[in-house]
Amino acid sequence: MISLSRGAVQQIASEGERAYPNECCGALLGKDDADTGRVASEIFPVHNAFGSEEQYHRFAISPEDCFFIERDAERRGLDVIGFYHSHPDHPAIPSEYDREHAMYWYSYVIVAIERGRAGGLTSWRLASDRSAFAQERVLQLDVR
Amino acid sequence: MTITIKIPTALRAFAEGQREIRAEGATVGEAIANFASLYPDIETHIYGEGGEPRSFINIFLGEVNVKNLNGLETTLADGSVITLVPAIAGGAPCR
Ligand SMILES: [Zn+2]
C-alpha cells in the first residue's frame with residue numbers, strides 16, 4: 001500500500017493534463033518506515049527527457065534530473081519512494097515497456113489521461129525477480 | 001582513499017538499510033567494487049553479465065555523471081562523494 005497526500009494526487013493529475021497528449025513524469029518524495037508505512041507527501045515534477053516525437057507514449061528522467069531529485073530529497077529529510085507518469089488515452093495499467101525499465105522496490109504511480117482529462121490513478125511495484133508488476137492499494141491522505 | 005557512496009532508496013534494502021557508506025578505492029570502479037563486495041546481494045543490482053554497471057544505474061562523482069569524466073577509471077580524492085542514481089523510464093503501450 002502507498003499513501004498519497006491529496007496535494008500530490010491533484011498535482012499528478014494536473015501535470016498529466018498539462019502534458020497531454022504527451023506523457024508527464026516525476027518523482028514521489030516521502031517516507032517509508034515501519035511506523036507509517038509508505039507515504040508520498042509531495043511530488044517532484046521533471047522534464048520528459050524522451051525524444052519529443054515519442055513522448056506521446058514514452059517518458060524518461062535524465063540522469064542529471066535523477067541526481068538533483070535525490071539531492072533535493074536528502075536536503076529536506078525525505079526519500080525518493082517512487083516515480084509517476086501519465087498514460088495519455090490509455091488505461092492506468094503498466095505496459096511491457098514500463099516493466100522492462102522498472103526497478104525493484106519503488107512505487108510506480110500511473111495516471112490515465114483521457115482526452116486531456118485525468119482519470120484513474122493506480123500504483124504498482126515490480127516483483128523482485130522482475131517478472132511482473134503487482135498493483136498496490138492507494139490511500140489518499142486528507143492533508144495537503 | 002576513503003570516500004562516501006550514497007545509496008538510492010531502492011538499493012538500501014541490500015545494504016542493511018544504510019543511506020551511505022564509506023568505501024576505499026583509488027578510482028570510481030574500485031570504490032564501487034569494494035562496496036559491492038561488502039554486500040553481495042547488491043552486486044547483481046549494480047553489475048550486469050559482462051561486469052559493467054547496469055544501464056539502469058548512473059554513477060555521479062560530486063555533481064558530474066562519470067560518463068562525462070573518465071568513467072570507472074575516474075580517479076578519486078580523499079573525501080570524494082559518489083552518488084548512485086537510478087535510471088528511470090517507461091511509457092504506455094505502443095499504439
Ligand atoms: Zn507507463
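Naming: A, B, ... by sequence-line order, numbering from 1 per chain.
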**Item:** Top contributor to chain B contacts, counting heavy-atom pairs under 4.5 Å, from A:V80, A:I81, A:I69, A:D32
**Value:** A:V80
**Request:** Taking the side chain as every heavy atom from C-beta outward, state whether B:N58 and A:C66 have any pair of such atoms under 4.5 Å apart.
**Result:** no
**Request:** Below 4.5 Å from any heavy atom of chain B, which atoms of A:R99 appear? Answer side chain, backbone, both or neither.
**Result:** neither
**Request:** Determine whether more than 12 heavy atoms belonging to other residues, nucleotides or ligands lie under 6.0 Å from atom CZ of A:R117.
**Result:** no
**Prompt:** Listed by residue number, which members of residues 6-30 of chain B have a heavy atom under 4.5 Å from any heavy atom of chain A?
**Reply:** B:K6, B:P8, B:T9, B:A10, B:L11, B:R12, B:F14, B:R19, B:E20
**Prompt:** How about A:H57 and B:P93: do any of their side-chain heavy atoms sit closer than 4.5 Å?
**Reply:** no
**Asked** Of the backbone (N, CA, C, O) and the side chain (C-beta and beyond), which part of B:I59 lies under 4.5 Å from a heavy atom of chain A, both, or neither?
**Response** neither
**Message:** Could you report the tightest heavy-atom contact between B:A89 and A:H101, atom names first, then the distance?
**Reply:** O-CB, 3.3 Å
**Request:** Name the member of A:Y97, A:Y106, A:Y104, A:F68 that forms the most heavy-atom pairs with chain B at distances under 4.5 Å.
**Result:** A:Y106
**Request:** For the pair A:R58 (side chain) and B:A92 (backbone), establish whether a donor and an acceptor sit closer than 3.5 Å, ignoring hydrogens and angles.
**Result:** yes
**Prompt:** To the nearest 0.5 Å, what is the distance between CD (A:E64) and CZ (B:F60)?
**Reply:** 4.5 Å
**Asked** Got a second to check how far B:N65's CG is from A:F67's CZ, nearest 0.5 Å?
**Response** 10.0 Å
**Fill in**
If one checks every heavy atom of A:F83 against chain B at 4.5 Å, the contacting part turns out to be side chain
**Request:** Decide whether A:I61 and B:V64 are clustered together by the hydrophobic rule: side chain heavy atoms of Ile, Leu, Val, Met, Phe, Trp, Tyr closer than 4.5 Å, transitively.
**Result:** yes
**Item:** Separation of B:I88 CD1 from A:Y108 OH (nearest 0.5 Å)
**Value:** 4.0 Å
**Request:** Report the option among A:P63, A:A102, A:A60, A:C25 that has the most heavy-atom pairs separated by less than 4.5 Å from atoms of chain B.
**Result:** A:P63
**Request:** Please say whether more than 12 non-hydrogen atoms of neighbouring residues, nucleotides or ligands are located less than 6.0 Å from CZ in A:R137.
**Result:** no
**Request:** Search all heavy atoms of A:E70 against all heavy atoms of B:P86 and return the closest pair with its distance.
**Result:** OE2-CD, 3.8 Å
**Item:** Donor-acceptor under 3.5 Å (A:D98 side chain, B:G91 main chain)
**Value:** yes
